[in-house]
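As structure tokens, the structure follows; a few thoughts come after it.
Throughout, a chain's letter reflects where its sequence line sits, starting with A, and its residues are numbered from 1.
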Number of protein chains: 2
Amino acid sequence: MFAALGDETRLRLVGRLSTEGPLSIARLSEDAPVTRQAITKHLEALEGAGLVRGTKHGRERIWDLEPRRLMAARHALEQISHQWDAAIGRLRAFVETE
Amino acid sequence: MFAALGDETRLRLVGRLSTEGPLSIARLSEDAPVTRQAITKHLEALEGAGLVRGTKHGRERIWDLEPRRLMAARHALEQISHQWDAAIGRLRAFVETE
DNA sequence: GAGATATGCAACTTTTTGGTTGCGTGTTTG
DNA sequence: CAAACACGCAACCAAAAAGTTGCATATCTC
């Protein structure tokens, strides 16, 4: 999942989908600095990570976020946050003893 | 940051540092499937993302998590979670109307 | 039905990335 | 002091990733 979101183009795509809702490839490609094909590939990468889903609708393919996986991802992020909290606590204690 | 954590080796490194505390390159390389040099590169990549910091201590270089950035990262993750929450709400509503 | 749209498929090029190897240097330690 | 240890630097390699181009196909729309 981190790898999927690690590319700036892909992160932007997820961002747009989360704020603007379902969008077609053409729409998502419009103001992108890369080709439509590149966008398609990125969307498929995101789909591979389960973060996004595309459904054919007439002649266009509409992409949207995948709620289930997104929830799971959220959960994972929270877990990591907790793990980090512990580490941050340790670091703070360490700094104070210096 | 996502890119930094997007590599499995790097994610493992962060995981070890968060649970085992400060470690030298040699330690971190011991049970890794790759060379010490590869580990060094990954640590420097993580350092570039600000997630980790290495300080020389005698003949060895000890690496540890960077609390400030880690907090910032936590914050960013929470922001994204919130953004996703809104999207998930929208998606749920959409499903219900079908 | 013809032209415009929206997309898919496939081959190919170019960067980037992850990884290695060889060697040199500063520190410990016996 | 000599050997062992921990590491840095630099060149190099291979595979994966990002991106493009050209063309084909399915759908709309007038």
Side-chain angles (χ1 to χ4, degrees), chain A residues 1-66 69 73 80 94, chain B residues 1-66 69 73 94 98:
Chain A
M1 185 198 101
F2 282 126
L5 296 177
D7 180 86
E8 200 184 320
T9 305
R10 285 197 291 269
L11 191 57
R12 282 185 194 283
L13 287 174
V14 171
R16 283 195 60 183
L17 289 179
S18 78
T19 60
E20 300 179 37
L23 291 170
S24 70
I25 295 177
R27 277 286 181 85
L28 291 167
S29 303
E30 274 174 3
D31 46 324
V34 294
T35 314
R36 168 181 61 89
Q37 289 301 333
I39 297 295
T40 297
K41 283 196 183 178
H42 283 303
L43 287 168
E44 286 169 356
L46 288 168
E47 185 175 43
L51 293 171
V52 127
R53 180 182 41 174
T55 54
K56 289 210 60 174
H57 225 276
R59 71 177 156 181
E60 52 186 6
R61 193 166 177 191
I62 307 296
W63 290 85
D64 202 356
L65 300 176
E66 179 79 54
R69 286 269 190 163
I80 292 176
F94 180 70
Chain B
M1 186 200 101
F2 282 126
L5 296 176
D7 179 84
E8 199 185 319
T9 304
R10 285 196 291 268
L11 191 57
R12 282 184 195 283
L13 287 173
V14 171
R16 282 194 62 182
L17 290 180
S18 79
T19 60
E20 300 179 38
L23 292 170
S24 70
I25 296 177
R27 276 288 180 82
L28 291 167
S29 303
E30 275 174 1
D31 46 324
V34 293
T35 313
R36 168 182 62 88
Q37 290 301 333
I39 297 294
T40 296
K41 282 197 183 177
H42 283 303
L43 287 168
E44 284 169 356
L46 287 168
E47 187 175 42
L51 293 171
V52 127
R53 179 182 41 172
T55 55
K56 288 209 62 173
H57 223 277
R59 71 176 157 184
E60 52 187 5
R61 194 166 178 190
I62 306 296
W63 290 86
D64 202 357
L65 299 178
E66 178 80 52
R69 285 269 190 166
F94 180 70
E98 274 188 306

*Mind calculating the distance between CG (D7(A)) and P (dA17(D)) to the nearest angstrom?*
11 Å
*Given dA6(D), is OP1 or OP2 found less than 4.0 Å from the side-chain N or O atoms of H57(B)?*
no
*Tell me: CG of L43(B) to P of dC9(D), nearest whole Å?*
14 Å
*CZ (R12(B)) with more than 12 external heavy atoms under 6.0 Å*: no
*Nearest nucleotide by nearest heavy atom, which residue falls closer to the 5' end of DNA chain C, T35(B) or G58(B)?*
T35(B)
*Specify the separation, in whole Å, of atom NZ of K56(B) and atom P of dG26(C).*
9 Å
*Kindly say if H42(A) contacts the phosphate of dG19(D), meaning a side-chain N or O under 4.0 Å from OP1 or OP2.*
yes
Between the protein and nucleotides 2-6 of chain C, list the N/O to N/O atom pairs that are separated by less than 3.5 angstrom.
| from | atom 1 | to | atom 2 | distance (Å) |
| --- | --- | --- | --- | --- |
| dT5(C) | O4' | R59(A) | NH1 | 3.1 |
| dT5(C) | O2 | R59(A) | NH1 | 3.2 |

*How close or far is atom P of dA18(D) from atom CD of E8(A), stated in whole angstroms?*
12 Å
*With no hydrogens and no angle check, is any side-chain donor or acceptor of R36(B) less than 3.5 Å from a backbone partner on S29(B)?*
no
*Rounded off to whole Å, could you give me the CG-to-P distance for the L11(A) and dA18(D) pair?*
13 Å
*Remember a base hit wins even if backbone is also touched, and classify R10(A) as base, sugar-phosphate or nothing at under 4.0 Å, heavy atoms.*
sugar-phosphate
*Heavy-atom side-chain contact between L23(B) and E30(B) under 4.5 Å*: no
*Report the distance from atom CD of E47(B) to atom C1' of dC7(D), rounded to the nearest whole Å.*
15 Å
*Return the value, rounded to whole Å, for the distance between atom CD of E44(B) and atom C1' of dC9(D).*
10 Å
_What I want to check is whether an N or O donor and acceptor connect the side chain of Q37(B) with the base of dC7(D) at under 3.5 Å._
no
_Could you walk me through whether I39(A) and T9(A) satisfy the side-chain contact (heavy atoms from CB on, under 4.5 Å) test, starting with their C-alpha distance in whole Å, then the side-chain angles of each, then the deciding distance to 0.1 Å, before giving a yes or no?_
CA-CA 8 Å; I39(A) 297 295; T9(A) 305; 4.2 Å; yes
_Taking the side chain as everything from C-beta on, heavy atoms only, tell me whether L46(B) gets closer than 4.5 Å to L17(B)._
no
*Answer with base, sugar-phosphate or nothing: what part of the nucleic acid does K41(B) contact at a heavy-atom distance below 4.0 Å?*
base
*asked:* Nearest 0.5 Å, please: how far is NE2 in H42(A) from CG in L13(A)?
replied: 7.5 Å
*Are the side chain of S24(B) and the backbone N or O of R27(B) linked by a donor-acceptor pair below 3.5 Å?*
yes
_Spacing of I39(A) atom CD1 relative to dT7(C) atom P, expressed in whole Å_ = 12 Å
